[in-house]
Amino acid sequence: MSIHIDALKGDIAEAVLLPGDPLRAQWIATTFLENPKLYNDVRGMLGYTGYYKGKRVSVQGTGMGVPSISIYTNELIREFGVKKLIRVGSAGSYQPYVKIRDIILAMSASTNSSINRFTFESEDFAPTADFNLFMNAVNIAKDKKIPIQAGNILTSDIFYHENPDYYKKWAKYGILCVEMETAALYTIAARYNVQALSILTISDSLVSKEKTTSEERESTFKEMIDIALELV
Ligand SMILES: O=P(O)(O)O[C@H]1O[C@H](CO)[C@@H](O)[C@H]1O
Ligand SMILES: O=c1cc[nH]c(=O)[nH]1
């Protein structure tokens, strides 16, 4: 057991899907996994282990933001031996050609979070997806005929920015979308030499101001989860 995960060593699979929302973890486990077993409900941050096509897989809610996902990924890797971490999250579009419901593979994550400034002082670390996970995800999406886009994203510490044009400086440099965890996930995975990839579904657009309904989110999340589970 670790501070935030009330499980025994062995309760958690080597591959873990990581949604921000713990109820999405419950939905994934009960909808897609065979024989799902709840292993954690500390702070309501639900974690389940079950089977997908005969392979053991876990799904753990991470909460929102860099500090929260950093706690769960540190504990999953260091205390439970997790080797493959696949975030399945929502994101806001920064580009006119990135539409709501689109699926994005985050090749890298720029950030306005200061986490890496503490570690690297005034130097910059580039948080990057695992190449093999990334390539496998591209091929799985192709086989399933699920359209994807891939590129650099922004991991932001701020959801409600005071300046509505804040996104434009990032958009100018090709950033596809914004979410709140991937830079930390990729950095921690690099530190412990394990694999990580973020797969994101666009839930709203900072450009067009459109938003998905919760029903639409569920149906498009299904495609993202299909890709993530095949990666296991
Ligand atoms: O849908 P999830 O995985 O929570 O991801 C996105 O949604 C939350 C903000 O609403 C942040 O956690 C952001 O990264
Ligand atoms: O962090 C996020 C997630 C979804 N949509 C946003 O605008 N921001």
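One is the number of the first residue; the rest follow in order along the sequence. Both ligands and their constituent atoms are indexed starting at 1 by order of listing. This is a predicted model, so every value here is computed, not measured. These values consider heavy atoms only, across backbone and side chains, with no hydrogens, waters or symmetry-generated copies.
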Heteroatom distance test (S90, ligand 2): nitrogen or oxygen, under 3.5 angstrom: no
Neighbour count above 12 (heavy atom, 6.0 Å) for D165 CG: yes
Aromatic ring pairing W27/F32, orientation class (parallel under 30°, perpendicular over 60°, tilted between): perpendicular
Nearest candidate to atom 2 (C) of ligand 2, where distance is taken over non-hydrogen atoms, out of V178, L200, I158: V178
For atom 7 (O) of ligand 1, the protein heavy atom that lies nearest, with its residue and separation: S90 OG, 3.3 Å
Test item: Y186 and T111 side chains (from C-beta on) under 4.5 Å apart, heavy atoms: no
R56, CZ: over 12 other non-hydrogen atoms inside 6.0 angstrom: yes
Close-contact set for ligand 2 against D204 heavy atoms, below 4.0 Å: 4 (C), 5 (N), 6 (C), 7 (O)
N or O pair under 3.5 Å between G89 and ligand 1: no
Side chain to side chain donor-acceptor pair (under 3.5 Å) involving S70 - partner list, sequence neighbours excluded: none
F159-ligand 1 polar pair, N/O distance under 3.5 Å: no
Which residue and heavy atom of the protein sit nearest atom 4 (O) of ligand 1, plus the separation: G20 CA, 3.4 Å
Flag if over 12 foreign heavy atoms under 6.0 Å of NZ, K172: no
For G92, atoms of ligand 2 separated by under 4.0 Å from a heavy atom: 4 (C), 5 (N), 6 (C), 7 (O)
For M64, atoms of ligand 1 separated by under 4.0 Å from a heavy atom: 8 (C), 9 (C), 11 (C), 12 (O)
Option whose closest heavy atom lies nearest to atom 11 (C) of ligand 1, chosen from R24, E181, E179: E181
Neighbour count above 12 (heavy atom, 6.0 Å) for Y173 OH: no
Residues, nucleotides or ligands: over 12 heavy atoms within 6.0 Å of K144 NZ: yes
Heavy atom of the protein closest to atom 5 (O) of ligand 1 (residue, atom name, distance): R87 NH2, 3.0 Å
Per-atom contacts, ligand 2 versus M180 - under 4.0 Å to a heavy atom: 1 (O)
Atom indices of ligand 2, in the order listed, that fall short of 4.0 Å to a heavy atom of S203: 4 (C)
Heavy atoms of other groups near F120 CZ, more than 12 under 6.0 Å: yes
hydrophobic_cluster_shared for Y72 and V194, side chain cutoff 4.5 Å: yes
Numbered atoms and elements of ligand 2 in range of F159, under 4.0 angstrom, heavy atoms: 1 (O), 2 (C), 6 (C), 8 (N)
Under 3.5 Å: N/O of L206 near N/O of ligand 2: no
